[in-house]
Amino acid sequence: MRWDKAMYYGAKFFFISTVFTVIGALFVLSSASISMSIDAATGRLVINFGGLRGLGAATLLVMGVGVAVVGNVGAFLKIFSEAVKEEVNGRSLW
């Protein structure tokens with residue numbers, strides 16, 4: 001594979017991976033905004049996963065990590081399969 005094609009596929013993966021990572025991070029940050037508060041007496045950050053509020057925060061956290069991981073792996077496999085297909089189709093096997 002030529003370097004320009006390799007850089008093209010690398011940049012394509014980078015940008016698609018960035019999209020999935022940002023979407024996952026937004027889910028994780030919204031989870032944190034639901035479950036975190038600042039204690040008025042001590043000024044410390046308190047994380048509370050109790051009750052339905054905690055269940056929603058935990059669900060968003062799992063969804064955010066899932067979107068980031070599955071999106072990045074899926075993007076890698078899709079772009080890698082495109083690169084392999086193009087490389088194999090461009091060569092004569094005999």
**Q** With heavy-atom distances below 4.5 Å as the criterion, would you say the side chains of Y9 and E86 are in contact?
**A**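 With C-beta onward as the side chain, the pair touches.
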**Q** Going by side-chain heavy atoms closer than 4.5 Å, which hydrophobic residues are tied to F15, directly or by a chain of links?
**A**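 Direct or chained contacts put F15 with F14.
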**Q** Would you mind listing the cluster partners of M7? Hydrophobic ones only (ILVMFWY), side-chain contacts under 4.5 Å, chaining allowed.
**A**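 Joined to M7, directly or through intermediates: W3.
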**Q** Can you tell me how far apart CG (L61) and OG (S31) are? Round to the nearest 0.5 Å.
**A**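 The OG atom of S31 is 4.5 Å from CG of L61, to the nearest 0.5 Å.
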**Q** Please output the side-chain donor-acceptor pairs of residues 67-77 that fall under 3.5 Å, not counting sequence neighbours, one pair per line with the distance.
**A**
residue : atom : partner : partner atom : Å
N72     : OD1  : S17     : OG           : 2.5
N72     : ND2  : T21     : OG1          : 3.4
N72     : ND2  : A68     : O            : 2.8

**Q** Transitively linked via ILVMFWY side-chain contacts under 4.5 Å: V19 with M63?
**A**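 Shared cluster, yes.
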**Q** Not counting sequence neighbours, which residues clear side-chain contact (heavy atoms from CB on, under 4.5 Å) with K12? List them please.
**A**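 Partners of K12 by the side-chain contact (heavy atoms from CB on, under 4.5 Å) criterion, ordered by chain and then number, come out as Y8, I16, I79, E82.
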**Q** Scan residues 18-29 for pairs that pass salt bridge (charged side-chain N to carboxylate O under 4.0 Å, His left out), counting only residues two or more places apart or in two chains.
**A**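 Applying salt bridge (charged side-chain N to carboxylate O under 4.0 Å, His left out) to every pair that reaches into residues 18-29, excluding sequence neighbours, yields nothing.
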**Q** Would you list the pairs meeting salt bridge (charged side-chain N to carboxylate O under 4.0 Å, His left out) in which at least one residue belongs to residues 19-34, sequence neighbours left out?
**A**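 Every candidate salt bridge (charged side-chain N to carboxylate O under 4.0 Å, His left out) pair involving residues 19-34 fails, so no pair, neighbours aside, qualifies.
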